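In this text the structure is predicted, and so the values were computed from the model without any measurement.
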Protein chains: 2
Amino acid sequence: MFEEERKRSIVHFVEKHTRASVQELSQELGVSESTVRRDLKELEESRLLKRTHGGAVSLQSVNFEAAIPEKADRYLDEKQRIAHKAVEMIQDGDAILLDGGTTTLQIAKALRAFSNLKVITNSMIALNELKDCRNIEVSITGGLLRQDTLAFVGPMTERSLEMVRVDKAFLGTNGLDLREGITTPNMLEAATKRKMISVAKQVILLADHSKIGQVSFCKVADLREMDHCILDRETPEGFIRGLKGLDLDYTLV
Amino acid sequence: MFEEERKRSIVHFVEKHTRASVQELSQELGVSESTVRRDLKELEESRLLKRTHGGAVSLQSVNFEAAIPEKADRYLDEKQRIAHKAVEMIQDGDAILLDGGTTTLQIAKALRAFSNLKVITNSMIALNELKDCRNIEVSITGGLLRQDTLAFVGPMTERSLEMVRVDKAFLGTNGLDLREGITTPNMLEAATKRKMISVAKQVILLADHSKIGQVSFCKVADLREMDHCILDRETPEGFIRGLKGLDLDYTLV
DNA sequence: TTATTTGTGATTGTTTCTGCTCACTTGTGA
DNA sequence: TCACAAGTGAGCAGAAACAATCACAAATAA
């Protein structure tokens with residue numbers, strides 16, 4: 001790797017993570033810490049980043065981090081398995097819709113591998129993940145920013161969604177119950193999800209077992225409106241029997 | 001193989017792989033490293049690639065990444081003064097529209113001081129700046145992400161904008177000319193700006209002196225459609241006379 | 001043909017890059 | 001506030017890459 005390329009990688013790394021330690025960079029790039037320091041010094045001189053004691057930070061950091069840090073995310077492992085299955089269902093050339101939430105975020109992280117994809121989402125975090133993928137066309141729904149989830153909701157979101165038709169929509173949820181169907185605590189969010197369902201050829205619901213049996217304030221849809229559900233293998237027996245009873249397509253991962 | 005052919009091969013190789021070492025090229029073309037170096041030197045002089053220690057890299061990849069940060073820094077001081085003036089024009093309770101670009105970004109940075117404000121923008125960078133201000137209600141227009149400017153454009157953006165009416169819109173531009181009016185290089189962007197103008201009670205144009213006299217590919221609007229212009233004090237005399245001639249309201253900062 | 005120019009490869013001294021060491025500075029927690 | 005760990009910069013040395021030069025061969029011109 002040339003010096004030029006290395007420096008560009010550093011800037012890119014710092015932009016992406018908003019920060020980077022000398023150690024990290026040294027390992028990441030396979031060069032000594034001396035070299036990293038030299039590079040950082042020059043990059044700072046050309047105003048491409050700001051040095052700090054121990055590393056560097058991005059100058060104009062556009063970085064939308066989840067309110068819940070990934071490590072603290074409960075059921076992360078389940079979510080990743082669910083996302084992995086979801087990605088298997090996507091084909092190159094698809095137009096897909098990603099709902100907000102931490103489960104769908106895991107999908108976004110895995111999308112880089114595709115070479116031709118249209119993605120539309122209402123999640124700032126998912127967008128952040130995809131913003132530098134040159135081979136993915138990313139759109140966002142407009143709307144009002146919910147500052148706790150960094151997702152957009154509201155009439156503008158619905159209006160934006162009216163303009164698109166997608167092959168597959170991947171929906172997250174707060175509650176999932178055989179009788180009450182899919183529910184979430186927020187009215188605007190529920191309306192947004194309903195609209196998402198209506199613009200997708202195929203709707204795929206993602207939920208780890210902690211969501212099952214939960215019923216929240218606002219109803220989004222009945223279970224039968226889903227085309228497929230991806231659940232984890234700790235899903236209670238009873239719920240699975242219920243799904244079979246509804247003749248609903250599902251996968252356990 | 002003639003020298004010309006060889007040089008073209010080199011450029012082609014570098015473009016294709018985004019990089020090439022002297023060794024690689026020497027082997028690939030069956031000539032000595034001396035020759036490769038000579039060629040690279042001349043190719044760099046004719047600006048067909050960029051030399052590095054050990055080889056060369058494609059120009060495209062260089063420009064891509066340098067685009068944002070480099071642009072951000074030029075005329076920063078002017079932009080801050082312009083933004084400062086713009087912020088003075090905003091009142092608590094206003095609904096304002098922020099265009100994308102680095103000048104309007106400076107406005108976003110200064111908005112934290114307000115206690116009650118509705119902001120709508122198509123700029124991911126501005127959104128980033130405002131996302132954790134609890135006293136500001138931030139909305140974003142939907143749309144397709146332009147990965148180089150991190151702004152949203154396109155039909156979805158326009159559709160979102162149709163849903164709002166704002167007190168003041170703050171517009172940036174690439175080109176500003178007495179005869180040709182306001183112009184930008186991107187068609188979608190131009191359409192977005194036009195829509196912005198149509199939903200605002202008052203349109204305020206922001207431009208540092210580097211924009212003046214510039215004419216880009218797509219026309220956004222005539223100068224007379226602006227309600228106010230904020231320019232810096234290095235704006236050429238002739239341009240200011242022109243503004244007066246048009247009876248246009250302006251401020252120099 | 002002969003003289004001259006041009007392009008190329010080899011050689012050589014010089015420059016640049018990189019990792020290491022070590023003395024010094026900075027940040028942190030007791 | 002002090003001590004200690006972590007991070008830093010300067011200098012050095014080896015390796016790699018480089019520019020300059022020369023020599024030779026092929027193309028061109030006389």
query = Would you say a side-chain N or O of A:Thr35 is under 4.0 Å from OP1 or OP2 of C:dT18?
reply = no

Could you go through nucleotides 16-18 of chain D and list every protein N or O atom that sits under 3.5 Å from one of its N or O atoms, giving the distance for each pair?
| unit_1 | atom_1 | unit_2 | atom_2 | d |
| --- | --- | --- | --- | --- |
| D:dA17 | O4' | B:His53 | NE2 | 3.3 |
| D:dA17 | O3' | B:Gly54 | N | 3.1 |
| D:dC18 | OP1 | B:Thr52 | O | 3.4 |
| D:dC18 | OP1 | B:Gly54 | N | 2.7 |
| D:dC18 | OP2 | B:Arg37 | NE | 2.6 |
| D:dC18 | OP2 | B:Arg37 | NH2 | 3.1 |
| D:dC18 | O5' | B:Arg37 | NE | 3.4 |

If I take atom [atom1] in residue [X] and atom [atom2] in nucleotide [N], what distance separates them, rounded to the nearest angstrom?
X       : N      : atom1 : atom2 : value
B:Lys41 : C:dG7  : NZ    : C1'   : 15 Å
A:Glu45 : D:dG9  : CD    : P     : 11 Å
A:Lys7  : C:dT16 : NZ    : P     : 13 Å

request  = Output the distance between atom CD1 (B:Ile96) and atom CE (B:Met89), rounded to the nearest 0.5 Å.
outcome  = 11.5 Å

State whether a side-chain donor-acceptor pair under 3.5 Å links [X] with [Y].
X        : Y        : value
B:Ser139 : B:Lys118 : no
A:Asp92  : A:Ser115 : yes
B:Thr184 : B:Asn186 : no

inquiry  = Is it the case that atom NE2 in B:His17 sees more than 12 heavy atoms from other parts of the structure closer than 6.0 Å?
reply    = yes

key: Nearest-neighbour nucleotide for the A:Ser32 side chain, C:dA10, D:dA20, C:dC20 considered   = C:dC20

message = Ignoring hydrogens and geometry beyond distance, is the side chain of B:Arg6 in donor-acceptor contact with the base of C:dG7 at under 3.5 Å?
response = no

ask   = Do the non-hydrogen side-chain atoms of B:Asn122 and B:Ile140 ever get within less than 4.5 Å of each other?
value = no

